[in-house]
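Remarks on the structure that follows.
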Amino acid sequence: MLDPKYVREHVETVEAGLRSRGVTLALQEFLAADLARRRLLSEVEQLKHRRNTASEEVGQRKRQGRDAGELIAEMRELGDRIKKLDEEVRGCDEHIEAFLMGLPNLPHPSVPVGGDSTANVEMRRRGEPRRFDFPARPHWEIGEALGLLDFERAARMSQARFVVLTGAGARLERALINFMLDLHTREHGYTEVFPPLLVNAAAMTGTGQLPKFAEELFKTKDESLYMIPTAEVPVTNLHREEILPPGTLPLSYVAFTPCFRREAGSHGKDTRGLIRQHQFNKVELVKLTQADRSYEALEQMTRDAEAVLQRLGLPYRVVVLCTGDLGFAAAKTYDIEVWLPSQSASPKESGTHADAVGARGIGGYREISSISNCEAFQARRADIRYRPAPTAPVEYVHTLNGSGVAVGRAWLAILENYQEADGSVRIPEALRPYMDGQERIGKP
RNA sequence: GGAGGGGUGGCCGAGUGGUUGAAGGCGUCCCGCUUGAAACGGGAUGACCGCAAGGUCCGUGGGUUCGAAUCCUACCCCCUCCGCCA
């Protein structure tokens, strides 16, 4: 949520910021409701003041055995008036709140302006895309041939966009999870968390999934709990409604969880393979920082996520998302995109990676991690504050989250990048300790 | 699932329908004493809205009342015992 006071005082800036994100709306509605609310409030507060002093007077008279009937009669009328005004104020509050809850965050000034992903700006590339001297195959072909994954059986017991991993495939998944958790906890200073996978509506509202994006979530029928679409939700909400004492920040958490997404509106997109599933594993990074430290934390978190790909020897690039491509809660986002030989250059992404050419298909970069600074947007919704110094007034924390990284996409990136002409897959050095030293996955 | 108990400030904990935003304690901060520290003494110490005056907040919502932390009601959450269970 945006700061109502800031919105009131910077209407033009806010409208411009929203416009750059593709949200065109006038704040007229908000300003009117806000003004009405403040008028009503000052009126009702005056009445309440009178009621308070009169109540005191009644008490005094009664104690002295004097009559208070007249005053009481007068107050009865006042009480009705107050009740009515209170209701009107509440109406305004709800209106204002509903309006603000539907607004996305404002982009940071450093974010490039643009309408869609073609305006994203590449920051850097690491690693050379491999040149294959044989026809490189997509991961679903490699995986099925090696008996690592099974979409058919998954669909039979579940639905499309689910998968069963078996044997070395399941093990590779587990190895990746452990590798990432160990890296972030041992070397990057994150505290490991294993949170609930079902959360209530308040938590979803805190991070911004609700009220606007309910159609993306799986929801339980009888309890009103939602399955998390990312660990960002429970982990960011870890400190909801808290005031963190001085010296607590920054807090850095890493969580491995499954994630569940309806993928409504993605029909026909990425239908083959592991890229887009209803259920997938992710290692998520979350930081809570002081308000003046969040942008250095964003850079650090991006480096922490990049380290995963570097250790795995996967080529990638980092892009900064333009205003039009930002997520709802984010003020600034870096995407890390891994190079996949199976990806064809979609029109949206062309121009920046067409030079990465494999033996078959052109190959392309595909998102494997997204790292965002939400500033105080989520903290305001989830009411997460801190005290900068023992006697200082409280402030909202800044929240950041980023994948460190998406496990399923790392899994398929390894299959595609480490495939051999004979159909086997080499295991990156960094993962071998997690695979009992196994160097290669071959035909069983 | 059955029976009972309870939700008050950063924490513990009092609270008769009328100076209780809330005693007392702990913690924290400032001052004094001290070479320093501890101990001790004094003072301060919630959040939200508001320029301020002032208003709001005792799990949440509704109700009774001139007036509710205190009475009624619905809901949520926590705890204990029994049953069941990974």
Side-chain angles (χ1 to χ4, degrees), chain A residues 1-10 30-31 33-101 194-206 210 219-220 222-226 234 237-249 251 258 288 291 376 379-397:
Chain A
M1 189 167 82
L2 302 179
D3 179 0
K5 203 189 292 180
Y6 182 87
V7 176
R8 184 193 305 146
E9 288 162 8
H10 303 83
F30 164 81
L31 292 173
D34 183 59
L35 189 64
R37 190 191 84 100
R38 283 185 295 151
R39 287 218 176 110
L40 287 167
L41 206 56
S42 84
E43 187 182 350
V44 74
E45 284 184 358
Q46 274 175 38
L47 298 184
K48 281 180 178 174
H49 180 52
R50 236 170 73 207
R51 182 178 69 183
N52 286 348
T53 51
S55 288
E56 207 170 306
E57 170 81 17
V58 170
Q60 240 167 51
R61 286 200 197 177
K62 288 217 162 168
R63 251 176 280 121
Q64 296 165 353
R66 287 156 58 204
D67 176 58
E70 192 185 318
L71 199 53
I72 288 174
E74 189 197 325
M75 284 306 110
R76 193 166 300 172
E77 221 170 289
L78 188 70
D80 289 343
R81 178 98 183 109
I82 288 175
K83 192 176 283 184
K84 202 174 141 254
L85 286 173
D86 266 342
E87 268 166 36
E88 285 182 45
V89 170
R90 196 156 36 109
C92 286
D93 279 343
E94 281 167 13
H95 189 193
I96 290 168
E97 163 118 337
F99 180 79
L100 287 177
M101 285 304 238
F194 191 81
L197 306 182
L198 275 72
V199 302
N200 58 34
M204 287 292 186
T205 307
L210 292 180
K219 183 175 189 245
T220 61
D222 298 319
E223 327 291 329
S224 42
L225 292 173
Y226 297 83
N237 277 284
L238 201 53
H239 295 286
R240 66 174 296 118
E241 287 157 54
E242 286 186 35
I243 297 176
L244 301 164
T248 318
L249 298 176
L251 288 167
L288 308 188
R380 227 172 264 121
R381 292 171 160 243
D383 195 19
I384 311 170
R385 294 171 292 174
Y386 72 104
R387 202 177 290 283
T391 56
V394 295
E395 283 182 47
Y396 286 109
V397 303

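Chain letters run A, B, ... following the sequence lines, proteins first and then strands; every chain starts at 1. These figures come from a predicted structure and were not determined experimentally.
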Item to check | Whole-Å C1' distance, B/C79 and B/G59 | outcome: 15 Å
Item to check | Any A/K83 side-chain nitrogen or oxygen under 4.0 Å from OP1 or OP2 of B/U65 | outcome: no
Checklist entry - Rounding to the closest angstrom, what is the interatomic distance between B/A39 and B/C33 at atom C1'? => result 11 Å
Item to check | Distance in angstrom units between A/M75 CE and B/U65 P, rounded | outcome: 16 Å
Next on the checklist: Classify A/R61 by what it touches in the nucleic acid, base, sugar-phosphate, or nothing, heavy-atom distance under 4.0 Å.
Outcome noted: nothing
Checklist entry - How far does the P atom of B/G61 sit from the matching atom of B/C57, given to the nearest Å? => result 10 Å
Checklist entry - Is there a donor in the side chain of A/Q46 and an acceptor in the side chain of A/H49, or the other way round, less than 3.5 Å apart? => result no
Next on the checklist: Work out how far the P atom of B/G21 is from that of B/C26, and round it to whole angstrom.
Outcome noted: 24 Å
Checklist entry - Between A/D383 and A/R381, is there a side-chain N and carboxylate O pair less than 4.0 Å apart? => result no
Item to check | Side-chain donor/acceptor contact of A/E45 with base of B/G54 under 3.5 Å | outcome: yes
Next on the checklist: Using the P atom as the point on both nucleotides, what is the distance between B/A44 and B/U64, in whole Å?
Outcome noted: 41 Å
Checklist entry - Under a 3.5 Å cut-off for both distances, is B/C58 Watson-Crick or wobble paired, and to whom? => result none
Checklist entry - Can you tell me if the side-chain N/O atoms of A/R8 get under 4.0 Å from OP1 or OP2 in B/G50? => result yes
Item to check | Phosphate OP1/OP2 of B/G55: any A/N52 side-chain N/O under 4.0 Å | outcome: yes
Checklist entry - In whole Å, what is the span from the CD atom of A/Q60 to the C1' atom of B/U19? => result 9 Å
Checklist entry - What is the minimum heavy-atom distance between A/L249 and A/V397, and which atoms define it? => result CD1-CG1, 3.9 Å
Checklist entry - Salt bridge or not for A/R50 and A/E74, using N-O below 4.0 Å? => result yes
Checklist outcome for this item: Which of B/U56, B/C48, B/C49 is nearest the side chain of A/R37? It is B/C49
Checklist entry - Per the atom types in the model, does the base of B/G18 pair as donor or acceptor with the side chain of A/K62 at under 3.5 Å? => result yes
Item to check | Nucleotide forming a Watson-Crick or wobble pair with B/U45, both distances under 3.5 Å | outcome: B/G27
Checklist entry - Between atom CZ in A/R38 and atom C1' in B/C51, what is the gap in whole Å? => result 12 Å
Item to check | Candidate nucleotides B/G62, B/A47, B/G55, ranked by approach to the side chain of A/V394 - the nearest | outcome: B/A47
Checklist entry - Of all the nucleotides listed (B/G18, B/G67, B/C48), which has the minimum atom distance to the side chain of A/V58? => result B/G18
Checklist entry - Nearest nucleotide by nearest heavy atom, which residue falls closer to the 5' end of RNA chain B, A/Q46 or A/E87? => result A/Q46
Item to check | Rounded P spacing from B/A69 to B/G18 in Å | outcome: 11 Å
Checklist entry - Between B/C49, B/G46, B/C66, which nucleotide has the shortest distance from any of its atoms to the side chain of A/R387? => result B/G46
Next on the checklist: Output the rounded distance in Å from CZ (A/R51) to P (B/G55).
Outcome noted: 10 Å
Checklist entry - Which whole-number value in Å describes the distance from A/E395 CD to B/C48 P? => result 11 Å
Item to check | Euclidean distance, A/L288 CG relative to A/L244 CG, rounded to 0.5 Å | outcome: 7.0 Å
Checklist entry - Could you state the CD-P distance from A/E241 to B/U60, rounded to the nearest angstrom? => result 10 Å
Checklist entry - Which whole number of Å gives the distance between the P atom of B/A38 and that of B/C31? => result 13 Å
Item to check | Residue of the set A/R37, A/E43, A/R39 for which side-chain contact (heavy atoms from CB on, under 4.5 Å) holds with A/L41 | outcome: A/R37
Item to check | Under 3.5 Å on both distances, the Watson-Crick or G-U partner of B/C81 | outcome: B/G2
Checklist entry - When rounded to the nearest Å, what value does the distance between C1' atoms of B/G2 and B/C11 take? => result 35 Å
Checklist entry - Any Lys/Arg nitrogen of A/D86 or A/R90 sitting under 4.0 Å from an Asp/Glu carboxylate oxygen of the other? => result no
Next on the checklist: How many whole angstroms separate atom CZ of A/R76 from atom C1' of B/U64?
Outcome noted: 12 Å
Checklist entry - Considering every strand shown, what is the Watson-Crick or G-U wobble mate of B/U16 when both distances are under 3.5 Å? => result none
Checklist entry - Which whole-number value in Å describes the distance from A/R39 CZ to B/G54 P? => result 23 Å
Checklist entry - Taking only side-chain nitrogens and oxygens of A/H49, does any of them come within less than 4.0 Å of OP1 or OP2 of B/G54? => result no
Next on the checklist: Categorize A/R385 for me: base, sugar-phosphate, or nothing, with a 4.0 angstrom heavy-atom threshold over every strand shown.
Outcome noted: sugar-phosphate
Item to check | Heavy-atom closest pair, residues A/C92 and A/A36 | outcome: SG-CB, 4.2 Å
Item to check | Residue-phosphate contact under 4.0 Å: A/R50 side-chain N/O, B/G54 OP1/OP2 | outcome: no
Item to check | Nucleotide forming a Watson-Crick or wobble pair with B/U35, both distances under 3.5 Å | outcome: none
